[in-house]
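Below, chains carry the letters A, B, ... as their sequence lines are ordered, and counting in each starts from 1.
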There are 2 protein chains.
Amino acid sequence: MPVTIKDIAEVAGVTHSTVSRALNGNPMISEATAKRVQRVAAEMGYVPSAVAQNLHARRTKSIGMVLTTIADPFLAKIVEGVEQVARDAGYSLFLSTSYNHPDKEINVIETLYRRRVDAIIIASMWVGSTYRAELGRIKIPIVLINHLLEDDGLHSVAVDDVQGARLAVKHLIDLGHRRISFVKSLDRPSIYVENRIEGYRLAYLEAALLMDPRLILTPEGDGDVERGKRALELLRETKATAAFCYNDLTAIGLMKACHELGVRVPKDLSIVGFDDLEIAAYVSPSLTTIHQPRLELGQTAMRMALAMLEEKAVMTDQTMRCQLKVRQSTAAPGEDSIGHG
Amino acid sequence: MPVTIKDIAEVAGVTHSTVSRALNGNPMISEATAKRVQRVAAEMGYVPSAVAQNLHARRTKSIGMVLTTIADPFLAKIVEGVEQVARDAGYSLFLSTSYNHPDKEINVIETLYRRRVDAIIIASMWVGSTYRAELGRIKIPIVLINHLLEDDGLHSVAVDDVQGARLAVKHLIDLGHRRISFVKSLDRPSIYVENRIEGYRLAYLEAALLMDPRLILTPEGDGDVERGKRALELLRETKATAAFCYNDLTAIGLMKACHELGVRVPKDLSIVGFDDLEIAAYVSPSLTTIHQPRLELGQTAMRMALAMLEEKAVMTDQTMRCQLKVRQSTAAPGEDSIGHG
DNA sequence: TTGTACGCGTTATCAC
DNA sequence: GTGATAACGCGTACAA
């Protein structure tokens, strides 16, 4: 059993309220008893119970975070951002995973609420679509990250997918590519994919180029990397000289298939990813990609939650811009692109 | 303010104790009032306060986990393992990061204890060395993951680094390599590095080969990948035909340098990593490496914590075996290895 | 300056 | 069956 202020009171020969005061630096107390109580407390190895304090204060100084899985490098960086500003503000982080299962997700959220976290940050893609009504019961601040559903009164911070995709495709067009394939990767709400296709479309439009719907590829397979690999055979039929992949993992899968089948990157095929995971810089050739400010995404979400907790001006939904990272996987189309082979 | 059982009691026209009974399926209550109370509770959107329940029960059904950073793919998988069995047992996870800072780390642990988590799992490398004494004050189960200090009465689950390293070097020797370099990467307690060198030594010993200390390289640089890159210049002078790297990130850095400088892997140089991160399978060529059962590491640690909580037989420290994953980055030494150039 | 008493939201042990 | 009442550990208004 942990030591309580009552235990200390007994030893120090005072009441528990005196102990409480001494330990909380209350000025209305004699220097002598304060010192004595503090010494006794230290000797007994007293550590206050946040549970009791929380009950009294009606807040827990903790934030609940729900994500699909922790082992996703994309989410990990977001969590890091949340954790940083949470810690600085004196909050701890309760982590829960939903494994992309809507039932589990609402379940997880309820558990967090039951634990009386002060706010909830959700970085799980399917939220809202299935159980928006249930969220109404939760009477604490909720912030959604990269949650692209229609406005539903929930606060959110997201990245501008359309702008990011446009940047990627513009880069390829500027390099001289005219047949640029978009490699989808499903397993996620279609709105995400659609936004990037929209960016793709806009870039084509700006360049006054005609978009060929046959360039939109949808490889089948298990997981982003696998689908990226499968994309290569589809690509061969399109005469594309460049591929813009849904995300870095898809791009890396595609690069791997290229390596195995002797397709040279970027000489035969330029490849662009999306996300800018750490790995993107490490593969060979390093991957040109769209940088998502993941750390900032997490930080901003947490700051938003803090603002709501402090009843500050209700920030409107934030959307952050992406950035193009040019590396080695893109170049001007060569004479011997697979599109010409 | 969340709805309390008192609020429900008022509406239902009973006392709060009756509400408690109705909601907890206590049989000593009339069918009628039970139903009525439950209906009222549901209508009012009641969610019990775990804080109050915890105070009464003197346990929180939560586990504290401390790690250096969440954005480390190695740790992420461990966290996933912990989270899985924690959730199945009805526990939530409190996550804290220490950024490898001893002061912060003891601080973080105290915070967790203050929150009265039922047990603490530590996957941070420097623990214990600096503040073992302080840990004595914490009177709850503590499990250390991959913490390789001398026995200090703390429970731990770790991977057998010596065996893993031996496996890696044996593989290279079996392929015909005779000059195998070990690429260190510092930034971590030397015991980790030493264990792998010990495995390296054992493999040489078994093969009745003489070990050349000049083959042990210590590249300088910031981060594993960077050090791996820097290792190539050092390697050139050693006439090594293969490199066993401290971990996958170091190996990937080395591979990247090879790619940039035209050293062919595995034709000119065989490379083996350690960890088996997801990326290892995705780089080109895919990386031969030592698999650490990271998910199981986390699961086992959590099971150990559960066992201690249930006062079951105090499991002794567990050490888990590594496994060799042969991929494309290793092959028999070629005539044109850089060691012969 | 210190002690007494009460509340935070639940569960549990008494009576009635 | 149901209602008081105490207890969990802490903070605090009020009384002394």
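Within residues 33-51 of chain B, the residues approached by DNA chain C to less than 4.0 Å at the level of any non-hydrogen atom are B:Tyr46, B:Pro48, B:Ser49, in residue-number order. Annotation: proximity of residues 56-63 of chain A to DNA chain C (heavy atom, distance under 4.0 Å) is found for A:His56, A:Arg58, numbered in ascending order. Residues of residues 1-12 of chain B having a heavy atom closer than 4.0 Å to DNA chain D: none are found.
An OP1 or OP2 oxygen of D:dG3 is reached within less than 4.0 angstrom by a side-chain nitrogen or oxygen of B:Thr18. At D:dG11, one or more side-chain N or O atoms of A:Ser20 fall inside 4.0 Å of OP1 or OP2 (strictly under the cut-off). Side-chain N/O atoms of A:Asn54 include none lying less than 4.0 angstrom from OP1 or OP2 on C:dC8.
Heavy-atom neighbours of A:Lys6 NZ from other residues, nucleotides or ligands within 6.0 Å: at or below the threshold of 12.
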Chi angles and distances behind the side chain to side chain donor-acceptor pair (under 3.5 Å) call for A:Ser30, A:Thr33: CA-CA 6 Å; A:Ser30 83; A:Thr33 48; 2.7 Å; yes
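Atom CG in A:Leu23 sits roughly 8 Å away from atom P in D:dG11 (whole-Å rounding). Nucleotide D:dT12 holds its P atom 10 Å from the CD atom of A:Gln53, rounded to whole Å. Look at CE on A:Met28: it is 12 Å from P on C:dT2, rounded to the nearest Å. One interatomic measurement links the two molecules: CZ of B:Arg21 to P of D:dG1, which rounds to 11 Å at whole-angstrom precision. Protein atom CG of B:Asn26 is 9 Å distant from nucleotide atom P of C:dA12, rounded to whole Å. The distance between atom CZ of B:Arg114 and atom P of D:dG9, rounded to the nearest whole Å, is 16 Å. The distance between atom CG of B:Leu55 and atom P of D:dC10, rounded to the nearest whole Å, is 9 Å.
The salt bridge (Lys or Arg N to Asp or Glu O under 4.0 Å) pairs that include a residue from residues 51-68 of chain A number zero, where partners must be two or more places apart or lie in different chains. Residue pairs meeting the salt bridge (Lys or Arg N to Asp or Glu O under 4.0 Å) criterion with at least one partner in residues 25-41 of chain B, sequence neighbours excluded, are B:Arg39-B:Glu43.
Side-chain atoms of A:Arg21 and A:Val37, non-hydrogen and from C-beta on, never get closer than 4.5 Å to each other. Side-chain contact between A:Ile109 and A:Tyr113: absent, with no pair of heavy atoms (C-beta onward) separated by less than 4.5 Å. B:Ile63 is listed as a side-chain neighbour of B:Ile121, based on a closest heavy-atom distance under 4.5 Å. In this structure the side chain of A:Arg87 reaches within 4.5 angstrom of the side chain of B:Lys104, judged on heavy atoms.
In summary, the side chains of A:Arg115 and B:Ser92 do present a donor paired with an acceptor at a separation below 3.5 Å, with no hydrogens or angles considered. In summary, the side chains of B:Thr300 and B:Gln318 do not present any donor paired with an acceptor at a separation below 3.5 Å, with no hydrogens or angles considered. Checked by atom type, the side-chain pair B:Thr69/A:Glu80 shows a donor-acceptor distance below 3.5 Å.
Nucleic acid contact for A:Ser17: base, since at least one base atom lies under 4.0 Å from a heavy atom of the residue.
A donor-acceptor contact under 3.5 Å is formed by the side chain of B:His16 with the base of C:dT11.
Computed from C1' positions of five pairs at each end, the angle between the two local axes of the helix from C:dT1-D:dA16 to C:dC16-D:dG1 equals 60°, rounded to 10 degrees.
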